[in-house]
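Remarks on the structure that follows.
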Amino acid sequence: MGHTATQQAGTGGLTATEHRLANGLRVVLSEDHLTPVAAVCLWYDVGSRHEVKGRTGLAHLFEHLMFQGSAQVKGNGHFELVQGAGGSLNGTTSFERTNYFETMPAHQLELALWLEADRMGSLLTALDDESMENQRDVVKNERRQRYDNVPYGTAFERLTAMVFPDGHPYHHTPIGSMADLDAASLEDARAFFRTYYAPGNAVLSVVGDIDPEQTLAWIEKYFGSIPAHDGKQPPRDGSLPDVIGEELRQVVREEVPARAMMAAYRLPQDGSREADAADLAVTVLGGGESSRLHNRLVRHDRSAVAAGFGLLRLAGAPSLGWLDVKASGGAEVAGIEAAVDEELARFAAEGPTPAEMERAQAQLEREWLDRLSTVSGRADELCRFAVLFGDPQLALTAVQRVLDITPEEVRQVARARLRPDNRAVLVYEPTEPAAPAADENAEAEEETAK
């Protein structure tokens, strides 16, 4: 059964219809005939917060396994078929979900739906030791390239582990650890699929130049026969006190280009009015070159070459306010930190000016409209609000909720949360590059002599 949403105030004329198949799959459709393309987005309600100790990284590993073939599509066929039809595709994993998405020429929509249904319904028939080992190595290499072997690469992992204590479902990041990736077995992957990759644990959105009646018929044809099953346990409780209660700090001495101060603050959970106020607060403070911290640290003090502040929205745990300052020249982190605290204290006392408030709201409004204006962005947001908050229609009114926030609400959330006793801090101190070994020096000299 399906129902059509009535157009709500603040949606900008965007609408979406919601439907549910007998096996539990939720479907959201949104027509947009401006361009002859269609986006397919499939969110599974599983991320790293659902993992258990000793098996971290399994949700992300499985995202890769989903591109290794299914009953009707062998090997790399998913990529080959979509790209051969003029489309694009990918998948991502976060703390709270795993998603898969294609943007296709409108006349190739049926192909994308068939491909997603084939792997939802039949991936286990193609999952074997060879694909498991192949993708285990791919993910381990991704970890090396994005985390372990790049400057500041482990900062997010370190700060997350500090803000969310040991045993908390958000304590580890989706990439997982090398040891846990090595420990994951083929049976672990199969059990993971059987538990989480079920129609009733997914939301499918289709946005673009579509015929809703035909699209629903295709969805019923390809997804409707997939059996319903429900062995999933609810995620562990991610709630924590609003304030950490003390400053947590680590000093990291690594071969990095410059000194740096990074910090993560506990901020309100996504889906709340307070989270929107926090988003505006960090935007005024560190969202771009007109922000307070950029003006203070980069332009005035010249103690930093970059200063940014952003919000990582989380629905099942406190969101993270992410501060990132890279020092310039010989500037010391202690002076940078003192300036940051001075600006945050002033903001907590005075709140944003009218000009700052207008600029921050316009900035967030533009970001939201940019996401909703593309078929792929809108499909993703419809899935996000359906999976995390139970109502895809909330995606269409998100802009208005940001514009409704008052300056006093922004000041209050800054005063309550942007405090030294509510953050984890990383201080990076550069080390000298390791000297080459003696035999390497000798080889270099010998090569030069030749």
Side-chain angles (χ1 to χ4, degrees), residues 19-29 38-46 59-93 97-132 134-135 138 186 189-208 210 214-232 376 379-380 383 387:
H19 314 265
R20 190 182 291 269
L21 303 191
N23 59 12
L25 179 68
R26 296 180 67 186
V27 178
V28 185
L29 306 181
V40 173
C41 186
L42 186 59
W43 271 45
Y44 290 93
D45 186 11
V46 58
H60 180 230
L61 174 62
F62 208 90
E63 172 216 317
H64 284 255
L65 292 172
M66 283 284 276
F67 289 98
Q68 286 293 287
S70 48
Q72 308 300 322
V73 183
K74 303 305 179 186
N76 203 41
H78 199 114
F79 275 99
E80 294 168 357
L81 287 167
V82 170
Q83 292 172 343
S88 60
L89 71 162
N90 213 330
T92 66
T93 310
R97 60 97 185 104
T98 308
N99 67 344
Y100 303 90
F101 45 92
E102 296 87 8
T103 301
M104 307 289 286
H107 68 281
Q108 295 286 2
L109 170 61
E110 184 180 8
L111 172 62
L113 293 172
W114 173 73
L115 286 167
E116 287 294 358
D118 194 58
R119 59 183 176 182
M120 177 189 280
S122 67
L123 186 91
L124 286 187
T125 64
L127 185 59
D128 56 21
D129 285 315
E130 182 181 356
S131 58
M132 183 78 174
N134 176 282
Q135 291 309 301
V138 168
L186 181 60
R190 288 173 172 161
F192 193 88
F193 180 86
R194 287 191 291 265
T195 301
Y196 295 109
Y197 278 72
N201 197 46
V203 173
L204 171 68
S205 67
V206 185
V207 176
I210 64 173
Q214 177 63 78
T215 302
L216 277 175
W218 284 330
I219 292 170
E220 183 64 56
K221 176 182 178 181
Y222 297 122
F223 288 89
S225 61
I226 300 173
H229 60 91
D230 184 18
K232 175 186 171 183
S376 57
D380 193 57
C383 278
V387 169

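Note that this is a predicted model, so its numbers are computed, not measured.
Side chains of Leu123 and Met66 form a contact here, defined as non-hydrogen atoms less than 4.5 Å apart. With a 4.5 Å cut-off on side-chain heavy atoms, Tyr196 and Asp45 do not count as touching. Residues Val40 and Glu102 form a side-chain contact, since some pair of their non-hydrogen atoms from C-beta on lies under 4.5 Å apart. Residues Phe192 and Tyr197 are in side-chain contact: their nearest non-hydrogen atoms beyond the backbone lie under 4.5 Å apart. Contact of the Leu42 side chain with the Met120 side chain is registered, since non-hydrogen atoms from C-beta on lie closer than 4.5 Å.
Side chain to side chain, Ser131 and Asn134 fail the donor-acceptor criterion of an N or O pair below 3.5 Å. Arg97 and Thr92 share a side-chain donor-acceptor pair at under 3.5 Å. No side-chain N or O of Glu220 forms a donor-acceptor pair with one of His19 less than 3.5 Å apart.
Panel note: side chain Thr98, backbone Val46; a donor-acceptor pair is recorded below 3.5 Å.
Scanning all heavy atoms of the two residues, the minimum distance from Ala38 to Ile210 falls at CB-CG2, 4.0 Å. The two atoms that bring Pro105 and Ala85 nearest to each other are CG-O, 3.4 Å, heavy atoms only. Here the closest non-hydrogen pair linking Thr195 and Gly231 is CG2-O, 3.9 Å. The minimum heavy-atom distance between Leu81 and Leu115, with the atom names listed, is CD1-CD2, 3.8 Å. Shortest non-hydrogen contact noted between Gly224 and Asn23 is O-ND2, 3.7 Å. The two residues Ser205 and Cys383 have their closest heavy-atom pair at OG-SG, 3.3 Å.
To the nearest 0.5 Å, atoms CD (Gln83) and CG (Asn76) are separated by 8.0 Å. Between the CD atom of Gln108 and the CG atom of Leu113 there is a distance of 11.5 Å, given to the nearest 0.5 Å. The distance from atom CH2 of Trp43 to atom CG of Asn99, rounded to the nearest 0.5 Å, is 6.0 Å. To the nearest 0.5 Å, atoms CE (Met132) and CG (Leu61) are separated by 5.0 Å. Rounded to the nearest 0.5 Å, atoms CG (Leu65) and CG (Leu186) are 9.0 Å apart. The NZ atom of Lys74 sits 12.5 Å away from atom CD of Gln68, with the distance rounded to the nearest 0.5 Å.
Within the structure, side chain to side chain donor-acceptor pair (under 3.5 Å) contacts touching residues 222-231 (residues at least two apart or in different chains) are Glu110-Tyr222.
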message = Apply side-chain contact (heavy atoms from CB on, under 4.5 Å) to residues Trp218 and Trp114 and explain how you reach the verdict.
response = CA-CA 8 Å; Trp218 284 330; Trp114 173 73; over 6 Å; no
Stepwise side-chain contact (heavy atoms from CB on, under 4.5 Å) test for Ile219 and Val206 = CA-CA 10 Å; Ile219 292 170; Val206 185; 4.3 Å; yes
message = Before you tell me yes or no, could you show the steps for Leu21 and Phe223 under side-chain contact (heavy atoms from CB on, under 4.5 Å), namely the whole-Å CA-CA distance, both residues' side-chain angles and the distance that decides it to 0.1 Å?
response = CA-CA 8 Å; Leu21 303 191; Phe223 288 89; 3.9 Å; yes
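With a 6.0 Å cutoff to the six-membered ring centre and a 45° limit on the axis angle, Arg119 counts as a cation-pi contact of Phe67.
A search for salt bridge (Lys or Arg N to Asp or Glu O under 4.0 Å) contacts involving Arg194 returns Glu187, not counting sequence neighbours.
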